[in-house]
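Naming: A, B, ... by sequence-line order, numbering from 1 per chain.
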Number of protein chains: 2
Amino acid sequence: MARATATPSPGILPPDEHADLEDFVGYNLKRAYVIVDADFRRALGEDGLAPRVFSALSLIVHTPGITQSDLARRLGIERSGLVAIADELEARGFVMRKPVPGDRRVQALMPSAAGKAAYLEALETVRAHEASLLASLSSDEVETLVALLKKIRRIGE
Amino acid sequence: MARATATPSPGILPPDEHADLEDFVGYNLKRAYVIVDADFRRALGEDGLAPRVFSALSLIVHTPGITQSDLARRLGIERSGLVAIADELEARGFVMRKPVPGDRRVQALMPSAAGKAAYLEALETVRAHEASLLASLSSDEVETLVALLKKIRRIGE
DNA sequence: TATTGTTATACTCTATAACTATA
DNA sequence: TATAGTTATAGAGTATAACAATA
C-alpha cells in the first residue's frame, strides 16, 4: 500500500496519483454541469429560454421591479452582461424596463402577464427535466447534493 | 401539498414557486462551478495551465501514448477542440506527438520529462487549491459530493 | 465622486462542417 | 466507407474598459 521510496522511479507515477483527476471536485463539477446544462437546453428547446435567461426571468418574476444592477449581483455576473439578457426578455415581451420616479438612472424590470405565464410554463418544463434526468438519484441524494453545492456557493460570498 | 386552485391569481405566485431557482440542481451546479473554476485559475496563475489543459495533461501522463481522439472522448469534448490543447502542451514542451507504426493516421501523445514534472507540480497546486477553498466542508462531505457528481456523470454515458 | 445602464471589444470554450490522409 | 487529425468558422457566455446621464 505505502511505497518504499519517496522519489518516484522515472516515468512511473506513485499509486496515489493514478486517479487524481477523478477525485477532484472541480473536474466532477464541470463534467456534471455539462450534462445537466445540455439536458436543460434540450428540454427548453431550440427557441426556448437559455439557462441564464430563465434564471433572470425567475428573479424578475419573484422580485418585480428589481434593477439590472441588483439582478446582475444576484446572478453573480457583470452589469454589462445583463443588458443582452434584459434585451432578450424585452424582445420576447416577457419583461418591461420601467423608469423609477426618484432615481432617473435606474430602470425597474417588470414582468408582463405573458412573462409570468411563460415563466410558469418553463418552470414546469425545468422541473420535469431535472426529475427525469436525475431519476437515478433519490430525493435524499438530490437534497444532499444541493445542500453541499450551496455550501460551496457560500464560500464565494 | 396540493393547491386548492388550478389557476394562480393574477400576479401572485403560489408559495411553492417562490424559491424555485435555489432548489434546482442545475443552478446550484453552475454557481458552484463558477467559484471552483475561478479559484483554480487563480491558483494556477496567469500563465498557468487552464483547467482543461491540466485535465488533458493528467490523462496523457497517466495514459502515455493515448491518441487525440481517445483523449477527446475521455474528456467529453470534440476531436477538433483537442487540437488547440495538444498544441499548447506541445508548445510548452510538455507533450510530444509521436507517429504510431501500424497506423499512420494517429499520433500518440507522449509526456516529456518536463511535462511529467510540470504535471506533478500543478497537481500539488490544484490539491492545495481545493483543500483551501473547500476547507469549510468536511472530508466526508467532499467525498459525498464527489460521489453524487459521479452519479450524475454516469447518466451522460 | 459614485452609480446605472450601455456600448465596444476581446477572450475562452465549445460545436459543426469540411478537408486530407490514411485505413 | 469509416476514422484521425486538422482547419475554418461561428456561437455562447463572460469580462474589462470606457462613456453619458444622473445621484
Step by step, would you call A/Tyr119 with A/Ser58 a side chain to side chain donor-acceptor pair (under 3.5 Å)? CA-CA 7 Å; A/Tyr119 173 64; A/Ser58 172; 3.0 Å; yes
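- Distance CZ (A/Arg105) to P (C/dT4): 6 Å, rounded to an integer number of Å.
- Within the 4.0 angstrom heavy-atom criterion, only backbone atoms of the sugar-phosphate kind lie near B/Ala50; the bases stay farther away.
- Between B/Ile85 atom CD1 and D/dG5 atom C1' the separation is 14 Å, expressed in whole Å.
- Base contact: A/Ser80 has a heavy atom under 4.0 Å from a base atom.
- At a threshold of 4.0 Å, the pair B/Asp87-B/Arg92 does not count as salt-bridged, since none of the basic side-chain nitrogens sits closer than that to a carboxylate oxygen.
- Distances shown here put every side-chain N or O of B/Arg52 at or beyond 4.0 Å from the OP1 or OP2 atom of C/dT12.
- Among the protein residues, A/Gln68 comes within range of the sugar-phosphate backbone only, with heavy atoms under 4.0 Å from sugar or phosphate atoms but none that close to a base.
- Nucleic acid contact class of B/Val83 (heavy atoms, under 4.0 Å, all strands): base.
- Separating the CZ atom of A/Arg41 from the C1' atom of D/dG11 is a distance of 11 Å, rounded to the nearest angstrom.
- Put simply, A/Arg73 has no side-chain N or O that comes within less than 4.0 Å of OP1 or OP2 on C/dT3.
- Side-chain polar atoms of B/Asp37 and A/Tyr33 form no donor-acceptor pair below 3.5 angstrom.
- Rounded to whole angstrom, the span from the CD atom of A/Glu78 across to the P atom of D/dT16 amounts to 6 Å.
- The separation between B/Asp37 atom CG and D/dG13 atom C1' is 12 Å, rounded to whole Å.
- Here B/Phe40 and B/Phe54 bring their ring centres to under 6.0 angstrom of each other.
- When each of A/Gly102 and B/Val34 is assigned the nucleotide of DNA chain D with its nearest heavy atom, B/Val34 is the one assigned upstream, toward the 5' end.
- When the side-chain nitrogen and oxygen atoms of B/Arg97 are compared with OP1 and OP2 of D/dG5, none of them lie within a distance under 4.0 Å.
- Rounded to an integer number of Å, the gap from B/Asp87 CG to C/dC13 C1' is 15 Å.
- Positionally, the nearest nucleotide of DNA chain C for A/Ile66 lies more toward the 5' end than for the other of A/Lys30 and A/Ile66.
- If you measure from atom CZ of B/Arg31 to atom P of D/dG13, you get 15 Å, rounded to the nearest angstrom.
- Between B/Arg153 and B/Glu157 there is no salt bridge, since none of the side-chain N atoms of the basic residue sits less than 4.0 Å from a carboxylate O of the acidic one.
- At the heavy-atom level, A/Arg104 lies under 4.0 Å from the strands shown only through sugar-phosphate atoms.
- Computed from coordinates, the B/Arg79 CZ to C/dC13 C1' distance equals 18 Å when rounded to whole Å.
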